[in-house]
Amino acid sequence: MVMEQTITAQQLEDAYDAYGTAVYRLAMTFMGRYADAEDITQETFCRLLYHAPAFADENHKKRWLLQVAANLCRNQLKGFWRKRVTQLDETIPAIAPEKLEALNAVIALPEKYKLPIHLYYYEGYSVAEIAEILKLGQSAVKMRLKRGHELLKIELEGSN
């Protein structure tokens, strides 16, 4: 049983300052829409406030936040309302236009490839850490990275 800890408003603010961008980028990669990514980010930090376990160190806290965000994304993607949503035209990109093509290619990947790709290339996690976060074997993570990289290469070379 994991013991929950009480965190202060200052600790929550410090955690958001340190990891909010990483959680948002993960949610954006997963969800593909700014509003959904913002909702996931908010809910992730609410979970930190109300259900935080005792963390061994700051790296453990970041991994926990990313794992919570990934689980929330998966849950939302399975939801009834998600299947009944229409896309609105997003006019303000969250990243520079030259990086938007690569991000869109990552977002378009099948679900099992885009999360390992994001964690490895955007967040800088090792294969072992990704395996722990996603609850997969290291060989499965390596294979997903390899196949995801191949799909991205085909997509990005094909669009040029």
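Counting from 1, the numbers follow the sequence of the chain as shown.
For the residue pair Gln67/Asn71, the side-chain donor-acceptor check at 3.5 Å is not satisfied.
Clustering ILVMFWY residues whenever any of their side-chain heavy atoms sit less than 4.5 angstrom apart, transitively, puts Met143 in a cluster other than the one holding Leu152. Note on Ile130: it clusters hydrophobically with Leu151, by side-chain heavy-atom contacts below 4.5 Å among ILVMFWY residues.
Between Tyr24 and Tyr19 the shortest side-chain heavy-atom distance does not fall below 4.5 Å. Between Pro116 and Val127 there is no side-chain heavy-atom pair separated by less than 4.5 Å. Within the 4.5 Å cutoff, the side chain of Leu134 has heavy atoms near those of the Leu119 side chain. You'll find the side chain of Glu43 stays beyond 4.5 Å of the side chain of Val68, heavy atoms only. Taking the side chain as every heavy atom from C-beta outward, Tyr113 and Leu145 never approach each other to under 4.5 Å. A heavy-atom distance below 4.5 Å is found between the side chains of Asn59 and Glu129. At least one side-chain heavy atom of Arg74 sits under 4.5 Å from a side-chain heavy atom of Leu115.
A donor-acceptor pair is defined here as one N or O able to donate and one able to accept, closer than 3.5 Å; no such pair exists between the side chain of Glu123 and the backbone of Tyr120. Side chain of Lys114 to backbone of Phe30: a donor-acceptor contact under 3.5 angstrom is found.
Closest of all the heavy-atom pairs between Tyr121 and His149 is OH-CD2, 3.6 Å. Closest non-hydrogen pair, Cys73 versus Ile40, comes out as SG-CG2, 3.8 Å. When all heavy atoms of Arg33 and Asp36 are compared, the pair lying nearest together is NH2-OD2, 2.7 Å. Residue Leu26 comes nearest to Ala69 through the heavy atom pair CD2-CB, 3.7 Å, listed as atom of the first residue, atom of the second, then distance. Across Ile7 and Ala52, no two heavy atoms sit closer than the pair CG2-CB, 4.4 Å. Between Ala105 and Leu156, the shortest heavy-atom distance links the atoms CB-CD2, 3.9 Å.
A distance of 4.0 Å separates CD in Gln76 from CE in Met31, rounded to the nearest 0.5 Å. The CG atom of Leu77 sits 6.0 Å away from the CD atom of Glu111 when rounded to the nearest 0.5 Å.
Remark: Lys142 NZ is loosely packed, at most 12 non-hydrogen atoms of other residues, nucleotides or ligands lying under 6.0 Å away. Residue-environment remark: CD (Gln42) stays at or below the threshold of 12 foreign heavy atoms within 6.0 Å.
For the side chain to side chain contact (heavy atoms under 4.5 Å, CB included) test with Tyr16, the passing option among Leu48, Thr41, Leu65, Val23 is Thr41; the others fail.
Salt bridge status for Lys62 with Glu58: absent, with no side-chain N to carboxylate O gap under 4.0 Å.
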Take Arg47 and Leu72 through the side-chain contact (heavy atoms from CB on, under 4.5 Å) test and state the conclusion after the steps.
CA-CA 10 Å; Arg47 299 273 172 103; Leu72 289 169; 3.4 Å; yes

